[in-house]
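A quick note: this is a predicted structure, and the numbers were derived from the prediction, not measured.
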Amino acid sequence: MSKKSTDAAGSTDLPLPHADRPVASAPGHWVLARAGKRVLRPGGAALSAAMLSHAGLAGADVVELAPGLGRTAAEIIKDHPASYTAIDRDPDAARRVAAVVGDLGTVRQGEAADTGLDEASADVVVGEAMLTMQGDKGKAAIVAEAARVLRPGGRYAIHELGVTPDDIDEDYYTQLRRDLARSIHVNARPMTAAAWKELMEDAGLVVDWVDTAPMALLKVGRNIRDEGLGGFLRIARNVAADKALRRRVQEMAATFKRYEKDMVGFALVAHKPES
């Protein structure tokens, strides 16, 4: 693994996923990508970096599920894994990630719950902001597949959307999910920290590390830190210049603001026991 990968920001002329859909109906994360946002993780780049540092990437066979724009893929490559394989169901996303990793990895179009990879073939599986988008059965199927692919002692690292506290009122939690789904046009199902841990344990994994960060996806300070000042200004110009884009971003920002005390970026690393 000697050659450099493409720009981690994902600068490419390849089309974004759902680029053919109107801004008014496209999934929220891809709307933000159209605006120029490159870090699409609820806890931001710092939480992703902390997660990866606990995953043990150097010299490992790494699989990333639903890698999106390839931002995390580029960070994984920097840690010199023995191999990198990405699985994404969206052909446009797969092509963009392939452009990012170049000949330093392999990108396949496929399903996170049925990767087609050999059993016990990976040391690390990474997934970010993708389990949240699944219902209970979908979440369980993906985590079971990650556990199947991992070798004994292998690590599963996730960065998802969490809700707090663990004993959140059920009716309020239902309303939060509904409002979030209406805003981002994806039937997102964030979970409490206790529920995320239980999901791992039900698949036979042992949780080793957990951390959280504010869900500040559209906050100015977070965007300057994650995207850099130039990236933030690019996003601001794009949003200001496009009325439909501006409306969607404002709608999402209003929902995030309404529930900002109830939502967090949540990350964990779990391992598959030796026996």
Heavy-atom pair of closest approach, residues [X] and [Y]:
X      : Y      : answer
Val269 : Ala157 : CG2-CB, 4.0 Å
Phe266 : Ala193 : CE1-CB, 3.6 Å
Ala33  : Leu69  : CB-CD1, 4.2 Å
Val239 : Ala35  : CG2-CB, 4.0 Å

Under 3.5 Å: donor-acceptor pair, side chain of [X], backbone of [Y]:
X      : Y      : answer
Trp196 : Met191 : yes
His185 : Ala24  : yes
His159 : Gly43  : yes
Arg96  : Gly68  : no
Arg248 : Ala26  : yes
Glu160 : Met130 : yes
Asn223 : Lys219 : yes
Arg71  : Val39  : no
Asp61  : Ala122 : no

Consider only side-chain N and O atoms of [X] and [Y], and report whether a donor and an acceptor are under 3.5 Å apart.
X      : Y      : result
Asp179 : Thr255 : no
Gln175 : Asp171 : no
Asp262 : Tyr173 : no
Glu128 : Ser48  : yes

query = Between Leu180 and Tyr172, is there a shared hydrophobic cluster once you connect ILVMFWY residues whose side-chain heavy atoms come closer than 4.5 Å?
reply = yes
Kindly list each side-chain donor-acceptor pair under 3.5 angstrom involving residues 113-121, sequence neighbours excluded, with atom names and distances?
| from | atom 1 | to | atom 2 | distance (Å) |
| --- | --- | --- | --- | --- |
| Thr115 | OG1 | Leu117 | N | 3.1 |
| Thr115 | OG1 | Glu145 | OE2 | 2.6 |
| Ser121 | OG | Asp118 | O | 2.6 |

Show the atom names and distances, to 0.1 Å, of all donor-acceptor pairs under 3.5 Å that link a side chain in residues 134-141 to residues at least two apart or in another chain.
| from | atom 1 | to | atom 2 | distance (Å) |
| --- | --- | --- | --- | --- |
| Lys139 | NZ | Leu131 | O | 3.3 |
| Lys139 | NZ | Gln134 | O | 2.5 |
| Lys139 | NZ | Arg189 | O | 2.9 |

ask   = Knowing that exactly one of Val124, Leu205, Val206 qualifies, which makes a side chain to side chain contact (heavy atoms under 4.5 Å, CB included) with His271?
value =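 Result for side chain to side chain contact (heavy atoms under 4.5 Å, CB included) with His271: Val206.
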ask   = Going through the distances and angles, do Asp123 and Arg155 end up as a salt bridge (charged side-chain N to carboxylate O under 4.0 Å, His left out)?
value = CA-CA 6 Å; Asp123 300 303; Arg155 286 82 63 198; 5.4 Å; no
message = Walk me through whether Arg182 and Glu251 qualify under salt bridge (charged side-chain N to carboxylate O under 4.0 Å, His left out).
response = CA-CA 10 Å; Arg182 278 193 289 264; Glu251 290 171 355; over 6 Å; no
query = Any Lys/Arg nitrogen of Glu227 or Lys37 sitting under 4.0 Å from an Asp/Glu carboxylate oxygen of the other?
reply = yes
